[in-house]
Peer 1: 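Let me begin by handing over the structure; questions about it come next.
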There are 2 protein chains.
Amino acid sequence: MGRLGELEPVPRRSTVEIVSAELRAAILYGSLAPGTQLGEAELAARLGISRGPLREAMQRLVQEGLLHSEPHRGLFVVTLDHDDVEDVYRARLAVEREACRLVMARNRGEAVARLTEALEGLVTAARERDRVAMSDADQAFHQVLVSASGSPRLERMAQTLLVETRMCLNALQDTYPEPEELVEEHRRLVDAIADGAEDRLLLLIEEHMIDSVERLRPAP
Amino acid sequence: MGRLGELEPVPRRSTVEIVSAELRAAILYGSLAPGTQLGEAELAARLGISRGPLREAMQRLVQEGLLHSEPHRGLFVVTLDHDDVEDVYRARLAVEREACRLVMARNRGEAVARLTEALEGLVTAARERDRVAMSDADQAFHQVLVSASGSPRLERMAQTLLVETRMCLNALQDTYPEPEELVEEHRRLVDAIADGAEDRLLLLIEEHMIDSVERLRPAP
DNA sequence: GCCGCTACGATTGTCGACAATCTGCCGCAG
DNA sequence: CTGCGGCAGATTGTCGACAATCGTAGCGGC
């Protein structure tokens, strides 16, 4: 919310926006599994809209890379192979590394505050051994990190990449790090920011990505 | 082309793809100026299609960030202010830096070859003092650089960012670097890759971005 | 004279119907 | 029995028409 009662534009969301967010969430939580074909008629009926707006929303996800289109055949949820997993984390590294640099340069205070809050969510989820909540909190943490950088473009890129990350995790649901380890990795990131230790932070974020992709390696 | 007569999928492009590419190009070359409203009826007529497919194509550009939508009002070409210019180059730095790392790690040979070719195009354009051709060649160079990294996600991000870069240049058409200087900056990049000097390359690419945003600063 | 209300024209948002294309099945010839 | 050709059903692609919303011009009231 805009602080101090500032007048901000009312967030009037168009139908396309709502529907594309809906689809994105469905892909993120795996209720639209990789490889699934999206039948237009059925989906439109389930969403209570006609095919027109639905098709527009789907084109957004195509551009995002979450769907791929085979002309005259249909739209399918992308399936990520191991190379893609690597690629996702590599791209995330590029984005989040720059985000870290920005945060250190111009927004440390607020970042630490918001990240500490996000970290608490992760701690709670870890304590309860709730994998979905942990994924949610993990994603939220990184979203906050990039958001705190104040770069709209990095933020937009990160959003897509985080969805793809979740797809990886869903596909390989078994291998998920020890909750404590995951919490610690994130806590160290917050500490580094709080300490103003940029070099350490950059090393940590790189390690964090390498660890993540490593954990996903032995799977098929 | 796939070498040695390999059988690749025929590049059947859907209408939406063609139209969105068309629009992207129109924005890139400034024939759809920033702030312009895209009247659906008129555009559809000019493209010889109906509003349906056009709207789908436009949603792709919205997701890309090249258009922004005001519900019940219309779609507009984004206008980039100075903060956006900074943001674009910052995001490019993030992407291209990682691309440089990848190129060094696993594709130096091919990269040097393709980049040398791209550099020649830039030299030709510079010799003829053709600003548009120089922009084209500049863009092509960086596209090749990221493409040589072999990372589909970096490549996709870079594509959008390069279009936005062009929008900046179009808006501030007057300030464009000395042709020789521009050529030299790029030649140094190729040399660094050829020499296998990663640290130097990373410094150069960072400088390249800083220089670029600096050149665009004094303008309104 | 200025402000607010109302009616109109224009544009966007949505829908249902039609055309084009693909997939799978069936029949038929070899 | 195998392979080809073609037909039928289903799905995607496209279109034109209708409904909803917005901006504006004009009118009336204060």
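For clarity, every value in this text was computed on a predicted model and none was experimentally measured. Sequence lines set the chain letters: A, B, ... in the order given, protein chains first and strands last, and positions in each chain run from 1.
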Peer 1: Provide the closest heavy-atom pair for A/L80 versus A/C168 in the form atom of the first, atom of the second, distance.
Peer 2: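 Minimum heavy-atom contact is CD1-SG, 3.8 Å.
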
Peer 1: Return each pair, listed once, that meets side-chain hydrogen bond (donor to acceptor under 3.5 Å, both in side chains) where at least one residue sits in residues 26-40 of chain A; pairs must be two or more places apart or across chains.
Peer 2: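 Those involving residues 26-40 of chain A are A/Y29-A/D136, A/E40-A/R51, A/E40-A/R55.
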
Peer 1: Check DNA chain C against residues 40-60 of chain B and give the residues with a non-hydrogen atom under 4.0 Å, in numerical order.
Peer 2: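 The stretch gives B/E40, B/R51, B/R55 as the residues lying under 4.0 Å from the strand, ordered by number.
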
Peer 1: Would you mind classifying the nucleic acid contact of B/S14 as base, sugar-phosphate or nothing, using non-hydrogen atoms under 4.0 angstrom?
Peer 2: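 It contacts nothing in the nucleic acid.
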
Peer 1: Minimum heavy-atom separation for B/I193 to B/R108, with atom names?
Peer 2: O-NE, 3.0 Å

Peer 1: Can you name the nearest heavy-atom pair linking B/L145 to B/L115, along with the distance?
Peer 2: N-CD2, 3.8 Å

Peer 1: Can you list the residues that meet the salt bridge (charged side-chain N to carboxylate O under 4.0 Å, His left out) rule with B/D87, with sequence neighbours excluded?
Peer 2: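 Expected list: A/R153.
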
Peer 1: Taking salt bridge (charged side-chain N to carboxylate O under 4.0 Å, His left out) as the definition, give me every residue that meets it alongside A/E70, ordered by chain and number, with sequence neighbours left out.
Peer 2: A/R73

Peer 1: Please verify the inter-ring angle class for B/H142 with B/H186; under 30° counts as parallel, over 60° as perpendicular, anything in between as tilted.
Peer 2: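 B/H142 and B/H186: perpendicular rings.
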
Peer 1: Does the side chain of A/V78 reach to within under 4.5 Å of the side chain of A/L67, using non-hydrogen atoms?
Peer 2: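 No, their side chains stay 4.5 Å or more apart.
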
Peer 1: What is the 5' to 3' range of DNA chain D, first to last nucleotide, that sits under 4.0 Å from any heavy atom of chain B?
Peer 2: D/dT14 to D/dG23

Peer 1: Strictly distance-based, threshold 3.5 Å: is any side-chain N or O of B/R166 a donor or acceptor partner for the main-chain N or O of B/G30?
Peer 2: no

Peer 1: When you compare the side chain of B/R97 with that of A/E98, does any pair of heavy atoms fall below 4.5 Å?
Peer 2: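 Yes; the side chains approach each other to less than 4.5 Å.
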
Peer 1: Considering only heavy atoms, which members of residues 66-73 of chain B lie under 4.0 Å from some atom of DNA chain D?
Peer 2: B/H72, B/R73

